[in-house]
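Letters go in sequence order (proteins before strands), and every chain restarts at 1.
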Amino acid sequence: MEPIDDSDTVPLSQRAIAARPAPYLEGLNAAQRAAVETLEGPVLMLAGAGTGKTRALTTRIAHLLMLNKARPGQILAVTFTNKAAREMKDRITALLGETVEGMPWLGTFHSICVKILRRHAELIGNGELHLKPAFTILDTDDQIRLLKQLIQAENLDEKRWPPRQLAHLIDGWKNRCLSPSNLPRGEKAAFDGWGGRLYAAYQERLLSLNAVDFGDLLMHCVTLFQAHPDVLKTWQERFRYILVDEYQDTNVAQYMWLRLLAQAHRNICCVGDDDQSIYGWRGAEVGNILRFEQDFPGAQVVRLEQNYRSTPQILSAASGLIAANSGRLGKTLWTEAEAGEKVRLIGHWDSEAEARWIGEEIEAFQGGHRASLGKVSLDDIAILVRASHQMRAFEDRFMTIGLPYRVIGGPRFYERAEIRDAMAYFRLVVSPSDDLAFERIVNTPKRGLGDKALQTIQAAARRHGMPLLDGARIAVEEGQLTGKGLANLRDFVASHGRWHADALDAGASHVELAERILDESGYTAMWQNDKSPDAPGRLDNLKELVKALEEFDNLQGFLEHVALVMDRDEGEAGEEVSIMTLHGAKGLEFPVVFLPGWEDGLFPNQRAMDENGTRGLEEERRLAYVGITRAERLAVISFAGNRRLYGQWQSSMPSRFIDELPEEYIEVLTPPGLYGGGYGAAMAFAGANAGTDMHDRAAQADVYNSPGWKRMQARAAERKAPARRAPVTIDAEASAQFSVGDRVSHAKFGEGEIIGIAEDTLTVQFAAGFKTIKAAYVIPAGSDQDVPF
DNA sequence: TGGGTTGGACTTTTT
DNA sequence: GTCCAACCCA
C-alpha cells in the first residue's frame, strides 16, 4: 500500500491554489484537498472510517465562505444527529475564527425540515384542514398512544393489531414518502387489511391536533416541494451549496428531498461510506450512495482512503472482514502508522467469564501491565456490544470490582417519564388545545380521575367540538363528575388558567413559571413522596430540565428544542470505561476497544438474518466492520460458549465473522481456566478460524476437559452436516437439539436412533429395543461429550 | 379508581 | 430473567 502521490491526483486548476494555500488548507492530504476544492457540481466523498471526513467537510464549508462562493445562509449542511451538527459548527468556527456569523442551515434533516415547514405550514393539509405554523412534534410515545386510540376506535383487538407494529409500518411508508393517497394498493392491505385505512385516519387526526410526527417532517416537506413549485424554487435558489453527512444512512424521503433542493445549482456534496451503512432497519437505503453517480450525472467521486485512526493490523483485519460483502463501492484503506498490535481473539466458557476477563484486562491496563500500549486511561477504553442486554453482564461485574463505567445510549433525557410529564404540563400551558398532553397529565399525579372520568371529559369535549381541557371545564361546570375527582379537576382547570395567563405575560419569568407549574400541580411532590430508589434521580432530572429552560426566552422556544434537539447530557465524571452498542459507537474512536459476544445468533443477529437474509447478514458484517474500525491501537474480539438469554442458558457457536477475519492479523489468546492452555487452545481457535475440524485438533492436543468446550466441539462437528444451526439450549428440556432420525448415545443402552420426540422426552430405538428417555440423558452419537448419567 | 398480579415479549433506535 | 401493559379485585 503506497501513499498517494499528491501531484498526480490534484487537478491542474487546483495546483494554482495549492501554491498559496490558505492556512486552513494546510495539512490536508491530496484526496482531502480535492474534496475541499472541488466545489462545483455533484461530488461524492467516499470517506472510509477514520479518514478525516469531518475535517474535509468542515474545511469545504470554510473554503466556500473564504472564497465568497456563498454566504453562510446560502449553504445547506445536513447531518443525522444533533451531535454531528454541533461538532461541525464548532469546527467551522475554529477554522474561521469568530468573524463569521452562524450557519442557519446547518442542522439535522429534521430540524431543517421543521424550519422550512413552519414557514409554509398552511400549505400542508387536505383541503379542509391544514397545519398551523405552531404545530407540535410528536415523539414515538405520543404516536403509539394515538394509533392505539384509532385501533380501539375501529373496535380492533390490540393483540391482533398491535399499535407498535402499525407505527413501524407507517414509519416505513413515511420513510419512502408514501402518503395515504399514494400508498400502493398492495401496501394498503398491510396490517391485516387495515393499514391504509388506519394510516389515513392517523394523518387526519394529526392534522386536527395540529401535530406532525418525525416521519412527517421529511414527507410533508417533500410533498410541499412537489405540490408548490414556486416554494421549491425559492429554496432551490437559496441553497447554492448543499453538503450531506453520512449519506449512506439516508432514506428515500431524504434522498427525494435532497434531489429536489439540489436541482437548481447542482452543487451537492455527499459524504459517506457504504461499508458503514448500519441503519437499513430504519429505512436507510445503501442504494442511495451506490447509485450516486447515476442519480447525479457528471458526479465526481473523491475517495478518502488514508486512515489516521487505526494501526495497519486493525485496518487489515477490518478490511478482510468487510471484503466478504458484495456490491461495495470498494475502498482500500491505508495508513502510515506503525504495525501495532494484532487484533486479539479469545473465547470464554460463558458470558460471565467473558465479563470477568475483560474487567481483569482493563485493570491490567490501569496498572500499566500492558506496557506495549503505554498508559491507557479508562476513558480510552470502550466495550461495544451488539445488543443492549449484553451490557448487564459488564455492569454487574464492573460494579462488583469497583471499576468506573458509563453506559452510553439508553433512554434519552427527554424520553424519561418525568421529563415527558413535565413537558406535557408545559405544552398544555402553551397550547391548551394539546389533547395528548392533557391526557398524559390530567391524572398524573393521581387526582382520582380514571378511565370513566376521562370518558366523561371526552364526551363533553366532543359535544362542543372543543379540546379536552375545555371539555374538562364544561364537565366540572355541569357537575358531571363527583367527589374527589370533581374537586381535583376543578382545581386543575383553575390552576391551568393561572399558568396560561402567566405564560402569556411577557414580563413574567418562564423559569419561575415552570417551577410553579411543577409545584402547584403536585408533580414534584409526587416524586418526593415516592419511595422507589430512582425517585431522587428523577427529581434531579426535573431540576436539570428547569435549569435548561434558562437558556431560552420562553416556554415555547424551549418545547421545540426539546422535541428535536435535546440530547442526553453525557456529563464528564472522571475516568470511566464506556459501554455502548455498536450502533451507538458509530463516529467515535477509542484507543482500546473490546468487542464481546461474537457468537452466531447474537452477532450476526439471528433475527436480522431471518428477516432480511443476505442483506441482513451483510448489514451485520458492516456493523462488525464499524466495531473494529473504532479501535485506534487495540481491538479485542471475544465470544462465549454459553450465554444466558431470557433466563435460559444457551450454548452458541463462535460468530461466522470470526472465520472471516484474516488469520495473519489475529492473535489468538488462551482463556484462563482452560486446562493445558497454550498450544492446544490456540490450535483449537486457529482451527475455528481456518474452518478446519476442531474436533480432531482438540483431541490431538488433549486440552479439552471443560464440558462447555466439548459441547462447542460437538456442535462444530455437527455443523458440517446441516450447515449451521441456530444456537440450541443445552438444558435438560432442550430436546430441540435433536430431531427424529438423529443417532444418540446413552450411558446404559449405548447407541440408538431417535424415532419420536415429545417435549423433553425422546423415544429412541436402541439395539435392546426402544426406550422412552429424557433428552438430558443422551448426547449426539459420535460427540466426545461426557455421557450424562 | 388504584394497586397488585399475571401474561407476553424480547436487536439495533441518529430524529 | 425482567420489564411493561393489561386485567382483576378490593
Side-chain angles (χ1 to χ4, degrees), chain A residues 78-86 107-114 137-140 143-145 148 157-159 162-165 167-168 171 174-175 212-218 245-246 248-251 253-254 278-284 384-393 396 409-412 414-415 417 443-454 481-485 488 560-568 580-588 597 601-612 616 619-620 622-623 626-627 643-649:
Chain A
V78 274
T79 63
F80 277 84
T81 64
N82 295 303
K83 203 172 144 205
R86 217 176 310 123
T108 61
F109 275 101
H110 296 266
S111 64
I112 287 170
C113 284
V114 172
I137 300 160
L138 302 192
D139 61 22
T140 323
Q143 194 186 359
I144 304 244
R145 279 195 302 148
K148 198 171 178 176
D157 180 8
E158 281 173 54
K159 292 264 162 55
R164 301 196 61 90
Q165 198 188 317
H168 182 75
D171 278 344
K174 289 184 176 176
N175 284 339
V212 300
D213 63 21
F214 284 130
D216 281 334
L217 293 175
L218 258 300
D245 194 17
E246 306 281 16
Q248 76 283 348
D249 289 336
T250 50
N251 61 34
Q254 287 153 344
I278 54 174
Y279 283 104
W281 51 276
R282 269 185 130 223
L384 309 183
V385 298
R386 175 63 184 85
S388 37
H389 65 72
Q390 288 172 261
M391 293 180 179
R392 260 298 274 287
D396 287 351
R412 318 199 96 60
Y414 62 82
E415 280 170 5
N443 199 31
T444 312
K446 301 272 180 280
R447 296 191 175 90
L449 298 159
D451 280 351
K452 192 87 178 296
L454 192 60
L481 291 161
T482 51
K484 227 166 80 188
N488 286 337
E560 171 131 321
H561 173 78
V562 176
L564 269 177
V565 179
M566 192 149 164
D567 298 353
R568 219 164 71 109
M580 66 184 97
T581 64
L582 286 161
H583 284 91
K586 197 165 98 168
L588 304 179
L602 178 61
F603 190 39
N605 183 272
Q606 193 61 47
R607 206 159 134 189
M609 293 187 289
D610 290 347
E611 287 174 9
N612 296 306
E619 183 154 313
E620 294 288 302
R622 290 193 291 268
L623 205 44
V626 167
R643 184 174 295 279
R644 199 160 48 191
L645 188 64
Y646 310 139
Q648 291 275 330
W649 279 100

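If you measure from atom CD1 of Ile144(A) to atom P of dA6(C), you get 11 Å, rounded to the nearest angstrom. Distance CZ (Arg164(A)) to P (dA5(C)): 9 Å, rounded to an integer number of Å. Rounded to whole Å, the distance from CZ on Arg643(A) to C1' on dC10(B) is 15 Å. Atom CD in Gln648(A) sits about 16 Å away from atom P in dA9(B), given to the nearest Å. Distance CG (Asp451(A)) to P (dG2(B)): 10 Å, rounded to an integer number of Å. Here dA5(C) presents its C1' atom at 14 Å from CG of Asp157(A), a figure rounded to the nearest Å. Residue Gln390(A) contributes atom CD, which lies 17 Å from atom P of dT2(C) at whole-angstrom precision. Nucleotide dT14(B) holds its P atom 10 Å from the CZ atom of Phe214(A), rounded to whole Å.
Both Leu623(A) and Arg447(A) lie near DNA chain B, and the one whose nearest nucleotide falls closer to the 5' end is Arg447(A). Each of Lys452(A) and Gly584(A) was matched to the nucleotide of DNA chain B holding its nearest heavy atom; the match closer to the 5' end belongs to Lys452(A).
Each of dT1(B), dC10(B), dC7(C) was ranked by its minimum atom distance to the side chain of Lys159(A); first place goes to dC7(C). Each of dT15(B), dT2(C), dA6(C) was ranked by its minimum atom distance to the side chain of Arg392(A); first place goes to dT2(C). Closest to the side chain of Arg644(A), out of dT15(B), dT14(B), dG1(C), is dG1(C).
An OP1 or OP2 oxygen of dA6(C) is reached within less than 4.0 angstrom by a side-chain nitrogen or oxygen of Lys148(A). Phosphate proximity of dG2(B) to Asn443(A): present, with a side-chain N or O under 4.0 Å from OP1 or OP2. For dT13(B), one of the phosphate oxygens OP1 or OP2 lies less than 4.0 angstrom from a side-chain nitrogen or oxygen of Thr581(A). An OP1 or OP2 oxygen of dT15(B) is reached within less than 4.0 angstrom by no side-chain nitrogen or oxygen of Arg282(A). In this model, the phosphate group of dT15(B) is approached by a side-chain N or O of Asn82(A) to a distance below 4.0 Å at OP1 or OP2.
Looking at every heavy atom in both residues, Asn175(A) comes nearest to Arg282(A) through ND2-O, 3.1 Å.
At a threshold of 4.5 Å between non-hydrogen side-chain atoms, the residues Asp396(A) and Arg392(A) count as touching. Between Asp249(A) and Lys586(A) there is a side-chain heavy-atom pair separated by less than 4.5 Å.
Within the 4.0 angstrom heavy-atom criterion, no nucleotide atom of any strand lies near Gln254(A). Residue contacts shown for Phe109(A) are absent, as no nucleic acid heavy atom lies under 4.0 Å away. In this structure, Ala453(A) reaches the sugar-phosphate backbone alone: every heavy-atom distance under 4.0 Å involves primed, P, OP1 or OP2 atoms, never a base. Residue Lys586(A) is classed as having no contact, given no heavy-atom separation below 4.0 Å to the nucleic acid. Contacts of Glu158(A) with the nucleic acid, taken as non-hydrogen atoms under 4.0 Å apart, involve only primed sugar atoms and P, OP1 or OP2. Using a 4.0 Å heavy-atom criterion, one finds that Gln143(A) contacts no nucleic acid atom at all. Ala608(A) comes within 4.0 angstrom of a base, heavy atoms only.
Here Tyr646(A) lies parallel enough and close enough to stack on the base of dC10(B), with planes under 30° and ring centres under 5.5 Å apart. Per the stacking criterion (ring centres < 5.5 Å, plane angle < 30°), Trp281(A) stacks onto the base of dT12(B).
Heavy-atom contacts from other residues, nucleotides or ligands closer than 6.0 Å to CG of Asp451(A) number 12 or fewer.
Using cut-offs of 30° and 60° for the angle between ring planes, the His583(A) and Tyr279(A) rings count as tilted.
Using modelled atom types, no side-chain atom of Gln648(A) and backbone atom of Leu645(A) make a donor-acceptor pair closer than 3.5 Å. A donor-acceptor contact shorter than 3.5 Å is absent between the side chain of Asn612(A) and the backbone of Met609(A).
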